[in-house]
Each structure stands twice: as C-alpha cells, then as structure tokens.
Amino acid sequence: MRFIPVGVHAVLDYLSGLFVIASPWLLGFAAGGPETQIPVVVGSATIIYSLFTDYRLGVLKTLTVPFHLILDAVSGTFLAVSPWLLGFAEEIWWPHLLLGLIYVIVAGSTEPYPRRRS
C-alpha cells in the first residue's frame, strides 16, 4: 500500500540523508571504519540522487520518482546488510539494519507519481 505522497517523500529524503550521515556520531558508533563510512556514503548518496529527482525538491530533475524509489530500496538493503557483508556486525549492527529497513519501507510506501488535483 502506497500512502506517502511524493512531496512528503522529498522532504524525508533530505532529512533522512542528513540523519544517516550524522548517525555514527549521534548514536555513538563512530569508530572510523566501515561502520562509520557506510552511513556517511549512503546518506550522501541519498541527498545527491534526490537533487537529481524529478519532484518538487529536486534541482536537476533528471531521475524519475520510480527510479529514485528503486535507488532508495537498493540503498536501504545495502545499509541493512552492510554489518554482515563487510564484517563489522560484532561491533555494531542495529542502526544499519534499522535505518536500512526504514529506507526500504518508505520506498515501498511512497506513491510513485504525484496525486492529481481535480
């Protein structure tokens, strides 16, 4: 069921990108390795591809919203599995899994096209 409007998703993209970038320091797991670098890269990528998305808060508007949602789902999946994929799950795993699942859920819950006003 897709119930998040594209305009709301656009705002969430920038806020979540910033939060994911800051999460290692905000949540106390910044050790300088991949556990820190992966959220910074994923959050930065989110902001960058959001700038290219064809929605209200996009700047260059070259990516379609459906493609953007695919990028969100892929980014979230990578973030969620990164502790086990890159071998740092024994140190920290829950923020990566939680934030990654949120990315996937929000991507799957966002309407791919803006609502038309009658």
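Hydrogens, waters and symmetry mates are skipped; everything else that's a heavy atom, side chains included, is used.
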Query raised in the report: Would you say Val40 and Trp25 make side-chain contact, with heavy atoms under 4.5 Å?
Result: yes
Requested in this report: Please check if atom OH in Tyr55 has more than 12 non-hydrogen atoms from other residues, nucleotides or ligands closer than 6.0 Å.
Outcome: yes
Report task. Measure the shortest side-chain to side-chain distance between Tyr14 and Ile47 over non-hydrogen atoms and say whether it is less than 4.5 angstrom. Result -> yes
Requested in this report: With ring pair (Phe, Tyr, Trp, His ring centres under 6.0 Å) as the test, would you mind laying out the steps for Phe29 and His96 before giving the verdict?
Outcome: CA-CA 11 Å; Phe29 64 89; His96 301 78; 5.1 Å; yes
Query raised in the report: What's the spacing between Leu69 CG and Ser109 OG if we round to 0.5 Å?
Result: 10.0 Å
Query - Connected via hydrophobic side-chain network under 4.5 Å: Phe88 and Leu85 - result: yes
Requested in this report: Check whether any side-chain N or O of Glu35 sits under 3.5 Å from a backbone N or O of Gly33 as a donor-acceptor pair, and report yes or no.
Outcome: yes
Query - Contact check, side chains of Ile21 and Ser44, non-hydrogen atoms, under 4.5 Å - result: yes
Query raised in the report: Taking atom CD1 of Ile105 and atom CD1 of Ile4, what is their separation to the nearest 0.5 Å?
Result: 9.5 Å
Query raised in the report: Honestly curious: do Val20 and Trp93 fall in one hydrophobic cluster under the side-chain, below-4.5 Å linking rule?
Result: yes
Report summary line: Taking every heavy atom of Val6 against every heavy atom of Pro112, the minimum-distance pair comes out as CG2-C, 4.1 Å
Query - Trace of the side-chain hydrogen bond (donor to acceptor under 3.5 Å, both in side chains) decision for Tyr103 with Thr46 - result: CA-CA 10 Å; Tyr103 263 59; Thr46 300; 2.7 Å; yes
**Report entry** Interatomic spacing from CG in Leu101 to CG in Leu97 - rounded to 0.5 Å
**Finding:** 4.5 Å
Report task. Could you go through the side chain to side chain contact (heavy atoms under 4.5 Å, CB included) check for Asp54 and Thr62 one step at a time? Result -> CA-CA 6 Å; Asp54 186 14; Thr62 56; over 6 Å; no
Query raised in the report: When you look at Leu57 and Val11, which way does the side chain to side chain contact (heavy atoms under 4.5 Å, CB included) test go after all the steps?
Result: CA-CA 7 Å; Leu57 296 180; Val11 172; 3.8 Å; yes
Query raised in the report: How long is the gap from CG on Leu12 to OG on Ser50, to the nearest 0.5 Å?
Result: 10.0 Å
Query raised in the report: Do Phe78 and Val42 have side chains that get closer than 4.5 Å, going by heavy atoms?
Result: yes
**Report entry** Value rounded to 0.5 Å, distance of CG in Leu18 from OG in Ser23
**Finding:** 11.5 Å
Report task. Scan for side chain to side chain donor-acceptor pair (under 3.5 Å) pairs involving residues 1-12, sequence neighbours excluded, and state none if there are none. Result -> His9-Asp13, His9-His68, His9-Asp72, His9-Thr110
Query raised in the report: Under 4.5 Å between side-chain heavy atoms, hopping through other hydrophobics if needed: is there a path connecting Val65 to Val74?
Result: no
Report task. Verify side chain to side chain contact (heavy atoms under 4.5 Å, CB included) between Val59 and Phe52, making sure each step is shown before the conclusion. Result -> CA-CA 6 Å; Val59 176; Phe52 283 87; over 6 Å; no
Requested in this report: Any chance you could measure Ile38, atom CD1, to Leu99, atom CG, to the nearest 0.5 Å?
Outcome: 13.0 Å
Requested in this report: Determine whether Leu60 and Leu51 make a side-chain contact, defined as any pair of heavy atoms from C-beta on separated by less than 4.5 Å.
Outcome: no
Report summary line: Sorted by chain and number, sequence neighbours left out, side chain to side chain donor-acceptor pair (under 3.5 Å) with Ser16 holds for none
Requested in this report: Report yes if the side chains of Phe67 and Thr53 come closer than 4.5 Å at any heavy-atom pair, otherwise no.
Outcome: no
Query raised in the report: When hydrophobic residues are tied together by side-chain contacts of less than 4.5 Å, even through go-betweens, does Val81 share a cluster with Ile70?
Result: no
Query raised in the report: Can you get from Val106 to Val104 by hopping between Ile, Leu, Val, Met, Phe, Trp and Tyr side chains that sit under 4.5 Å apart?
Result: no
Query raised in the report: Would you say Ser82's side chain and Leu79's backbone share a donor-acceptor pair under 3.5 angstrom?
Result: yes
Query raised in the report: What are the two closest heavy atoms between Ala31 and Thr36, and how far apart are they?
Result: N-OG1, 3.0 Å
Report summary line: For Ala107 and Ala73 the tightest heavy-atom approach is CB-N, 4.0 Å
